[in-house]
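Letters A, B, ... are given to chains in the order of the sequence lines, protein chains preceding strands, and every chain is numbered from 1.
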Number of protein chains: 2
Amino acid sequence: MTINLKELSAKLGLSQTTVSRALNGYPEVSQSTRDRVAQAAARYGYRPNPRAKGLAVGRAFAIGHVIQSDGPTEIVNPIFGDFIAGAGAAYSQAGYEMVLSVVSDGDEAATYKALKARGAVDGVVLSGPLVTDPRIPLLQDIGLPFVVHGQTLDQVPDYDWVDVDNFEAFRSATTHLIDLGHRRIALINGHETMTFAHLRREGYLHSLEAAGIAPDPALMFSSDMTEEIGFRSCLKMLDADQPPTAFVVSSMISALGVRRAIEGRGLTMGRDISVVIHDDALSYLQNGSDRPIFTATRSSVRDAGREVADMLIRRIEDPTLPPQHLLLSAALVQGGSSGPALA
Amino acid sequence: MTINLKELSAKLGLSQTTVSRALNGYPEVSQSTRDRVAQAAARYGYRPNPRAKGLAVGRAFAIGHVIQSDGPTEIVNPIFGDFIAGAGAAYSQAGYEMVLSVVSDGDEAATYKALKARGAVDGVVLSGPLVTDPRIPLLQDIGLPFVVHGQTLDQVPDYDWVDVDNFEAFRSATTHLIDLGHRRIALINGHETMTFAHLRREGYLHSLEAAGIAPDPALMFSSDMTEEIGFRSCLKMLDADQPPTAFVVSSMISALGVRRAIEGRGLTMGRDISVVIHDDALSYLQNGSDRPIFTATRSSVRDAGREVADMLIRRIEDPTLPPQHLLLSAALVQGGSSGPALA
DNA sequence: AGACCTTCCGCAACCGCTTTGGAACGATGA
DNA sequence: TCATCGTTCCAAAGCGGTTGCGGAAGGTCT
């Protein structure tokens with residue numbers, strides 16, 4: 001179908017060796033032949049077969065993403081699409097393929113081992129790290145390069161990561177509400193075994209503490225970040241004896257449920273009840289186009305995907321690199337969902 | 001790292017040929033040898049290198065998904081994650097890898113050609129088909145097996161597809177509202193260049209016509225299916241001279257905006273205004289867990305992903321198969337968002 | 001002029017697997 | 001006894017690239 005190296009070199013009257021070297025930038029090729037080769041390659045649309053190339057050089061030119069999917073009920077991370085879109089752009093630009101493995105929960109370790117063993121990928125990206133996550137020592141152990149989207153908190157040897165500053169984001173979100181006069185501020189969070197959620201709670205607590213407000217366990221909730229759960233947990237708090245006057249919510253999707261609950265109780269968001277969310281800037285769920293609907297700490301997960309991918313590529317192409325870290329900050333943008341506490 | 005065929009056959013005192021044949025189920029191997037080989041393979045954890053295998057047999061054991069992403073603003077399809085999760089399960093079960101290509105809009109044709117040319121994949125799945133979609137003749141032309149998630153409406157040669165019965169879904173959704181006494185029923189749809197949206201409108205129109213209701217262009221809207229756009233289009237209709245009393249909405253996400261608009265005007269969904277949506281059963285955006293929030297025509301996009309993948313694998317493994325079609329039906333489930341029209 | 005580099009290029013082996021075309025061997029049938 | 005036939009296995013040739021090593025041509029230095 002397509003032209004291969006042998007045919008291309010035949011057309012040029014050169015050996016495969018020379019053509020290969022010219023294409024791959026080896027020095028022992030004269031500039032003139034290099035140009036000729038490049039032109040011919042372009043004209044005939046020559047593309048090296050990645051399998052053959054991979055076989056020869058022992059690399060895959062592919063990067064793995066493992067997505068968990070525990071049975072039909074398990075929720076797919078809603079940020080997945082945007083994250084992938086960001087990462088994918090970086091990969092194709094750098095000449096890598098992206099291979100996805102969906103794996104049922106328990107098999108994740110086995111999957112990594114298999115990916116490594118078969119040489120199917122040159123590296124993987126790890127998503128949704130837990131506060132202490134066994135996958136990280138595992139990957140370090142089997143020697144498969146990786147970058148984490150997020151962090152762990154325990155003392156494993158250093159590793160590459162990209163993360164948003166979740167602590168600071170939620171500290172500032174909470175402080176924003178305190179500055180508006182709120183004292184009873186609820187937190188509707190994701191599972192706090194996951195580091196991002198853990199850090200968000202820490203930021204929240206830190207802010208309360210700095211303001212001399214005692215945290216109330218009845219105002220803290222953590223679970224899946226779905227609309228439904230946001231709705232229920234919010235409703236429950238609103239109906240309690242001492243309802244909160246403000247909410248800090250970990251995701252746009254939970255927040256939709258929170259809004260539904262607030263309005264369902266005949267209250268108005270931004271007036272009766274304030275809400276600040278974290279906004280991953282999902283493309284299909286934007287926080288308003290002109291004025292933000294929700295006051296939010298915003299950080300594009302798509303950009304994060306791109307950063308993760310670039311970092312991993314650097315890691316693969318130079319394994320001796322020192323550990324790389326990137327802490328993205330999430331700026332607080334004022335939207336319509338937060339206002340002064342009522343007297 | 002891992003054991004390879006040569007080493008395995010050395011350990012067994014057999015030739016690579018025999019071991020390969022034993023493993024691949026060729027007949028010219030005695031049962032006893034076959035068993036010995038199988039056991040040894042299991043014990044040493046032998047896994048054939050897919051690159052080498054692919055090189056030898058000219059297949060990739062991989063399936064491509066192409067996702068469009070036109071610049072940083074373009075929205076990623078929110079159903080993407082669930083669809084992929086469904087498909088991925090089928091692939092891994094059948095021993096295929098899933099490779100994703102993120103591609104900017106114009107390059108899609110080039111991407112398919114490149115995938116085919118490099119033999120990077122054995123087939124691709126096509127998403128979001130247009131009413132008349134050039135990608136289909138293109139793929140037929142270059143001879144890359146494919147399955148479409150959705151359909152086109154023009155007369156290209158037959159091809160494999162999996163789709164939900166969009167016409168019937170929206171016909172029944174609209175009829176449901178008519179039966180409740182509604183006469184002014186709005187449609188908030190996706191882009192009608194896309195077949196699914198086109199068919200939904202047809203179903204909607206068919207139902208109106210059957211009830212002798214003249215369609216009103218002011219009540220039909222089609223655009224991106226985002227929360228924001230759902231909100232705005234709904235608001236505009238509600239504020240018009242003759243507002244609708246009911247909405248049929250193409251996606252859960254638009255519907256969130258529709259709900260926001262309705263409640264923003266001090267109306268109550270299910271009482272003042274009825275809403276029926278199409279629910280893709282996204283895992284992170286479920287339509288209530290016990291009683292559905294929205295009355296909806298429901299069809300799991302995750303199941304669709306699985307069906308698409310299975311169909312494509314069948315196609316790849318037997319190219320002579322006659323065209324395969326699967327029309328999934330979307331049942332109407334009654335939820336809290338629809339009720340009798342007010343007098 | 002001869003020794004010695006450079007520069008530029010090609011031969012051939014190799015990556016790990018499949019598969020074609022026999023070879024060896026015991027059993028069978030005439 | 002000998003040709004025939006299944007059965008069981010192997011050697012070697014690819015698949016499409018990369019790369020170690022060697023060699024020819026031309027230039028530089030005594």
### Query
With sequence neighbours excluded, what pairs up with B:D154 under the side-chain hydrogen bond (donor to acceptor under 3.5 Å, both in side chains) test?
B:T132, B:T152
Starting at [atom1] of [X] and ending at [atom2] of [N], how long is that distance when rounded to a whole Å?
{"X": "B:L12", "N": "D:dT8", "atom1": "CG", "atom2": "P", "result": "17 Å"}
{"X": "A:L55", "N": "C:dA13", "atom1": "CG", "atom2": "C1'", "result": "14 Å"}
{"X": "A:K6", "N": "D:dG17", "atom1": "NZ", "atom2": "P", "result": "10 Å"}
{"X": "A:R34", "N": "C:dC8", "atom1": "CZ", "atom2": "P", "result": "9 Å"}
{"X": "B:R59", "N": "D:dG16", "atom1": "CZ", "atom2": "C1'", "result": "18 Å"}
{"X": "A:L5", "N": "C:dG10", "atom1": "CG", "atom2": "P", "result": "12 Å"}
{"X": "A:N49", "N": "D:dG14", "atom1": "CG", "atom2": "P", "result": "18 Å"}
{"X": "A:Y26", "N": "D:dG17", "atom1": "OH", "atom2": "C1'", "result": "11 Å"}

### Summary
Here the ring pair (Phe, Tyr, Trp, His ring centres under 6.0 Å) pairs for residues 25-65 of chain A, sequence neighbours left out, are A:H65-A:Y91
To check you understand the geometry: which heavy-atom pair defines the closest contact between [X] and [Y], and what is its length?
{"X": "B:G88", "Y": "B:M98", "answer": "CA-CE, 3.7 Å"}
{"X": "A:S127", "Y": "A:F83", "answer": "OG-CE2, 4.2 Å"}
{"X": "B:Y159", "Y": "B:H325", "answer": "O-CE1, 3.0 Å"}

Kindly say if [X] contacts the phosphate of [N], meaning a side-chain N or O under 4.0 Å from OP1 or OP2.
{"X": "A:K53", "N": "D:dT18", "value": "yes"}
{"X": "B:N24", "N": "C:dT18", "value": "yes"}
{"X": "A:Y46", "N": "D:dG17", "value": "yes"}

### Message
I'd like to check the salt bridge (Lys or Arg N to Asp or Glu O under 4.0 Å) partners of B:R315; sequence neighbours left out, ordered by chain and number.
### Response
B:D160
### Task
For the residue pair B:N4 and B:N49, establish whether any side-chain heavy-atom pair is separated by less than 4.5 Å.
no
Hey, what are the protein-to-nucleotides 4-6 of chain D N/O distances that come in under 3.5 Å?
none

Can you check nucleotides 9-11 of chain D for protein contacts, nitrogen or oxygen pairs under 3.5 Å, and list what you find?
residue, atom, partner, partner atom, Å
D:dC9, OP1, B:T33, OG1, 3.3
D:dC9, OP2, B:T33, OG1, 2.8
D:dC10, OP2, B:S15, N, 2.5
D:dC10, OP2, B:S15, OG, 2.9
D:dC10, OP2, B:T18, OG1, 3.0
D:dC10, N4, B:R21, NH1, 2.6
D:dA11, N6, B:T17, OG1, 2.7

### Query
Is B:D318 salt-bridged to B:R314, going by a charged N under 4.0 Å from an acidic O?
no
### Query
Which residues satisfy the side chain to side chain contact (heavy atoms under 4.5 Å, CB included) test with B:A120, sequence neighbours excluded?
A:E97, B:L115, B:R118
### Message
Nearest to the B:N4 side chain among C:dT18, C:dC17, D:dC15, which nucleotide is it?
### Response
C:dC17
